[in-house]
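Working notes, beginning with the structure itself.
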Amino acid sequence: MGNKQTTFTEEQLEAYQVALHGRYRELAPHLVPLDYTNNPDIRVPLSLIVTMPELKENPFRDRIVETFSEDGQGNMSFNDFVDMFSALCETSPRELKTIYAFKIYDYNRDNFICKEDLQKTLNKLTKGELTPEEVTLVCDKAIEEADLDADNKLSFADFENMISKAPDFLSNFHIRI
Amino acid sequence: MQLYLSLNAFKDAHICVFICIYILIVSHECKPYGITLSTKIQPMLFAEEARRRSRNRRSKSQRKAKQVSEDEDEEEDEEEEEDEPPRRRGRRKTTKTDEDETPQRRGRGKRTKPQDSDEDDEGDKQRAARKGSKASKKKAAKETSDEESEEERVSRKKAGRAVSKKEKEEQNKEQKGNVKGKDGENKDKKKKKKMSSSSSSSSSSDSDEESLSEGEIAALKEQVEEKKKLIATLRNKPWRMKKRLSLLKEAQDFVEKFEGALGKGKGRRLYAFKVMMTKVLMGLPYGSIPRKTVPRDEEDTAMDFSVLFDFGVMIFALSLNTEFLTCSCGIARVTEITEERGYCKYSILFYGYYNNDRTIGVLQYRLPLSYLLTSVGVFGYSLLVVIRTMARNANEGGDGGDEGEFIFSWKMFTSWDYLIGNPETADNKYASITTSFKESIVDEQENQKDENIHLRRFLRVFANFLILCSLGGSGYLIYFVVKRSQEFAKMDPKTLTWFENNEVEFVMSLLGLVCPPLFETIAELEDYHPRIALKWQLGRIFALFLGNLYTFLFALFDEVTAKLETEKSIKNATEWALHQYYANYSSFYNTTDVPPPKVAPADVIRGPCWETGVGREFVKLIVSDVQVTYLTILVGDFARAFIVRFLNYCWCWDLEAGFPSYGEFDISGNVLGLVFNQGMIWMGAFYAPGLVGMNVLRLLTSMYYQSWAVMACNVPHERVFKASRSNNFYMGLLLLVLFLSLLPVVYSMMTLAPSFDCGPFSGQEKMYDVVIETIDQDLPAFIGNIFIYASNPGLIMPAILLMILAIYYLNTVSKAYQQANTDLKKKMQMAREDEKNRRNNKDSTNQVMKDLEDLMPDKSLAPPPAEEEKPPEVVIDKSVKPTKTKPGTAGKGVNVQKEVSLAAPNPRRPVTHAPGPRGGPPGNTRSPQPQPGKGRGQGAAPRR
């Protein structure tokens with residue numbers, strides 16, 4: 001079912017899936033059946049997913065759920081759910097994490113992180129405690145630093161280049177379940 | 001901020017931590033009193049009681065008979081008969097051997113006193129046992145037999161050695177004991193009321209008082225019996241259960257409390273334990289070694305409050321609990337404290353305790369040698385650890401060459417820790433991220449700012465001048481105070497007040513409290529960037545601490561030299577007395593085989609033992625430091641937070657946001673305090689080996705205490721600068737402190753003569769003579785030769801020279817590497833810029849290239865269309881089916897990206913190959929004029 005990211009062994013995957021299914025089901029017991037033999041098309045809405053303790057405090061929880069959901073609206077099937085935790089787990093490769101991180105921070109899904117995206121990110125990170133001037137300054141600076149092709153927005157290449165040198169990206173960008 | 005995060009671990013447990021700390025404080029506060037009170041008063045009480053009873057027993061048995069029932073009294077009398085003979089024998093001996101008393105016997109006399117009381121105690125116990133219920137009779141009998149055998153032993157001992165004591169001395173003791181006993185009884189009578197009279201006031205004691213107290217004891221005993229009877233018969237009384245219960249409780253409390261005093265049950269065992277503890281603490285078990293026993297004239301006060309006052313514990317207790325029982329009494333006693341006394345001074349804590357025997361036990365443990373080597377080894381090891389840490393930090397720091405590159409983007413994309421699942425932690429993280437952004441913004445703005453440089457320079461010089469002045473002032477103040485304290489030490493101690501006694505520690509702590517805020521205020525003038533300002537501030541506080549410590553040390557050295565003088569005279573006197581003794585003995589008995597003089601260890605004349613004195617100063621410093629720290633937290637943080645929190649409901653302005661607000665947790669200041677504390681430990685550990693253990697305790701308690709304070713009553717610092725692991729600033733300070741604390745210790749080891757009668761090096765000329773002695777005597781001769789050659793200046797000088805050369809060489813090499821490093825970095829920078837240029841068609845980033853282009857006849861900017869197009873495609877490709885990206889495909893996607901980036905390095909090819917015909921893609925509007933036929937300079941040339 002959800003074994004697209006083969007970062008587990010089979011047994012691990014089994015155990016993981018069982019555990020994950022338990023977690024998934026407890027979000028919406030009335031929606032999710034115990035029996036998954038016929039692959040029923042069931043989706044749990046975003047508002048329920050973000051109540052998980054792992055995500056509850058994350059300022060980017062909505063974006064994370066939207067990114068991993070197939071429809072982009074945050075309604076997650078069980079497969080999406082497994083995908084999410086598989087990508088965010090400790091052992092998944094750096095490249096994968098980079099790709100998903102890029103997607104999470106790309107709010108308007110234009111495949112570039114532009115100034116608006118940065119502003120949104122920053123406001124979520126600081127709970128809007130910076131003044132607008134400061135926000136503008138920080139965003140300008142961030143783009144100036146990381147933008148290699150001078151298009152005033154960050155492409156994936158820019159992002160990858162920047163992230164690959166960051167010391168604590170890998171240690172910070174993972175969720176333990 | 002880091003600290004906050006790490007402290008989150010404690011968050012859940014902080015209530016229980018608080019409780020723990022509270023318990024610690026309470027026990028810390030109460031325990032000494034418990035011991036000192038009871039151990040001081042009870043022995044006196046019993047000794048007195050015993051003597052009186054033995055004297056008055058017969059004459060007063062009639063009077064007592066009124067109070068106690070007949071049969072009981074008979075039993076008692078029988079008991080007394082049994083007890084009496086040895087004691088009377090002892091007493092007769094006392095009077096008989098009065099004239100031929102020797103100092104040793106005087107020493108024994110002291111010992112008999114507690115035993116006396118013990119005995120009597122046992123008598124009481126026996127009596128009580130017989131009186132007690134029949135069920136417990138068997139057990140009591142067993143105990144009795146035990147005690148009787150003990151008694152026999154005691155009496156035999158006494159018969160053998162004969163109790164002796166100067167009549168006068170005994171009288172004095174008795175008087176004192178009387179007073180104490182009376183105090184105790186008063187206390188008993190009033191049930192826990194404060195002891196009003198100071199015990200050392202010498203009141204005349206006569207027989208009236210004696211008989212009175214005798215009667216009182218009898219009455220007390222009767223009361224206890226009554227209560228016991230009440231407990232036994234309570235069930236039969238026609239009372240309500242409530243009344244019964246309360247009465248029972250009261251009676252039980254009463255019995256438990258006074259039974260001990262009368263020598264039965266748990267109380268008696270406790271009492272015996274206390275007596276034993278007193279003996280141990282006085283050093284009596286080690287009897288033969290003077291340095292381990294408390295001197296005779298200090299024995300009375302050794303277990304007193306004064307010991308606590310010495311270490312200032314009382315101040316702490318006073319401030320915490322003003323109602324405490326001993327308070328008024330304690331204050332009364334403060335004035336009479338003369339100098340440091342107490343068994344602590346002669347305990348394992350201090351240098352003076354240790355023997356100078358070359359070897360100990362079967363294992364031939366060489367105590368003096370190992371004492372020296374350990375002290376030196378601790379320094380060596382600490383040095384090694386600090387330097388290794390620094391080197392590792394430097395290595396780690398070296399990797400972060402790129403650090404300046406992506407400050408803001410890293411903060412933006414990688415600072416949130418996705419693991420955070422706790423609201424409080426999340427709040428802290430938000431705050432810390434905001435702070436770090438603000439910090440970076442300030443950094444950035446700082447770079448652009450440029451103002452009146454002359455004014456600023458002047459202000460900085462001025463501020464430094466002010467700070468130097470205050471540093472000098474504080475140094476002078478401490479020197480002055482220490483000098484004054486030496487004068488006080490010579491004066492009559494009774495005239496000194498408490499403040500005059502503890503002036504040095506007080507002033508030092510006060511300076512430590514007042515100066516840092518002062519420096520901060522002055523530093524406002526300088527207008528440095530916050531991070532630099534913080535470093536300056538820390539450096540200044542550090543200078544203050546260190547300056548104070550060094551002034552203190554210098555003053556201490558003056559004292560040490562003075563002590564060395566007195567020691568010399570005492571030594572001479574002792575030697576002369578010994579010589580006299582030998583001469584007298586040999587002439588009197590006409591023998592050359594003179595046994596060593598028999599002097600009780602407590603009576604031996606001793607020198608001042610300057611090492612212990614120095615150690616004591618350090619212990620006092622540490623203890624007062626702990627107190628000040630804890631009090632500051634309690635008042636400055638806890639009380640403040642309390643007031644701000646609860647007074648806020650009824651105050652005219654917002655206390656939380658306004659003026660007082662909550663205290664900030666000063667990470668840097670605390671780290672500095674730790675560093676400084678460590679320095680004191682390094683310095684003091686040689687003179688007071690127990691200091692290390694004390695410090696461990698202190699650190700443990702203060703960790704929990706401070707973590708509680710942080711979680712409960714502090715707010716995060718507004719501007720916290722991360723003191724990361726790779727920051728060598730604090731380690732540098734630590735190294736400096738280590739070096740500076742090494743100096744005085746090594747100096748004293750190498751130059752000052754050790755005390756002649758205390759410590760492991762007594763009898764040596766210099767402390768390091770121990771090493772030489774060991775080399776001479778215990779190692780093979782050739783090794784001794786090797787050492788002699790090695791210590792030859794002719795060999796040492798070249799070695800030092802060689803080392804200097806090696807340092808020079810290594811320094812040069814490292815500089816060369818550094819140069820290479822910066823060159824490489826520059827190259828990388830250039831490569832990056834180059835890449836940027838190639839991607840960026842405008843060339844605007846590289847001024848030189850642009851100028852070159854301008855010089856060229858036909859300037860053109862041809863866009864390399866390929867790489868402009870590709871990245872979006874790839875990304876789109878991936879975003880179409882986001883959930884179906886398997887790792888393999890993801891890898892492919894990355895590979896595609898790599899291909900793109902690989903394609904980037906040859907952007908000039910399309911230009912040379914006629915971009916015109918291909919034409920720019922329609923979407924590529926960024927290139928301003930993609931005119932065909934106009935390549936770059938080189939590209940255009942071949943076409944023409």
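Both backbone and side-chain heavy atoms feed into the values below; hydrogens, waters and symmetry mates do not. Not measured: the values here are computed from a predicted model. Throughout, a chain's letter reflects where its sequence line sits, starting with A, and its residues are numbered from 1.
- For a residue to count as touching a neighbouring chain, one of its non-hydrogen atoms must lie under 4.5 Å from one of that chain's; by this rule Phe169(A) touches chain B with backbone and side chain alike.
- Proximity of the aromatic rings of Phe173(A) and Tyr100(A) is defined here by a centroid distance below 6.0 angstrom, and this criterion is not met.
- When the candidates Ile163(A), Leu125(A), Ile175(A), Leu88(A) are compared by the number of heavy-atom contacts under 4.5 Å with chain B, Leu125(A) comes out ahead.
- Aromatic ring pairs are classed by plane angle as parallel below 30°, tilted from 30° to 60° and perpendicular above 60°; the pair Phe81(A) and Phe85(A) is perpendicular.
- A salt bridge does not link Arg63(A) to Asp106(A): none of the charged nitrogens lies less than 4.0 Å from a carboxylate oxygen.
- Proximity to chain B (any heavy atom under 4.5 Å) is restricted, for Leu154(A), to the side chain, taken from C-beta onward.
- Using the six-membered ring where Trp is involved, Phe159(A) and Tyr105(A) have ring planes that are tilted, between 30° and 60° apart.
- The residues Lys153(A) and Asp117(A) are annotated as not salt-bridged, no charged nitrogen and carboxylate oxygen being separated by less than 4.0 angstrom.
- Proximity to chain B (any heavy atom under 4.5 Å) is shown, for Ala101(A), by neither the backbone nor the side chain.
- Taking Glu129(A), His174(A), Lys56(A) one by one and counting their heavy-atom pairs under 4.5 Å with chain B, the maximum is reached by His174(A).
- Of the listed residues Leu118(A), Thr121(A), Asn161(A), Leu55(A), the one with more heavy-atom pairs under 4.5 angstrom with chain B than any other is Leu118(A).
- Tyr430(B) touches chain A through backbone and side chain together, each having a heavy atom under 4.5 Å away.
- Side chains of Thr131(A) and Glu134(A): a donor-acceptor N/O pair is present below 3.5 angstrom, by distance only.
- Taking Ala146(A), Pro53(A), Ala142(A), Pro59(A) one by one and counting their heavy-atom pairs under 4.5 Å with chain B, the maximum is reached by Pro59(A).
- At a cut-off of 3.5 Å, with distance as the only test, a side-chain donor of Ser77(A) or Asp80(A) sits close to an acceptor on the other residue.
- With a threshold of 4.5 angstrom between heavy atoms, Ile113(A) approaches chain B through side-chain atoms but not through N, CA, C or O.
- Per-residue heavy-atom pair counts under 4.5 Å with chain B were compared for Asp110(A), Thr126(A), Thr98(A), and the maximum is reached by Thr126(A).
- Counting heavy-atom pairs under 4.5 Å between each of Asn172(A), Leu170(A), Val138(A) and chain B puts Asn172(A) at the top.
- Under 4.0 Å is where a charged nitrogen must lie from a carboxylate oxygen, and between Lys429(B) and Glu57(A) no such pair does.
- With a threshold of 4.5 angstrom between heavy atoms, Leu130(A) approaches chain B through side-chain atoms but not through N, CA, C or O.
- Heavy-atom distances place no part of Ile143(A) under 4.5 Å from chain B, backbone and side chain included.
- Between Lys411(B) and Glu145(A) no salt bridge is recorded (no basic side-chain N to carboxylate O distance below 4.0 Å).
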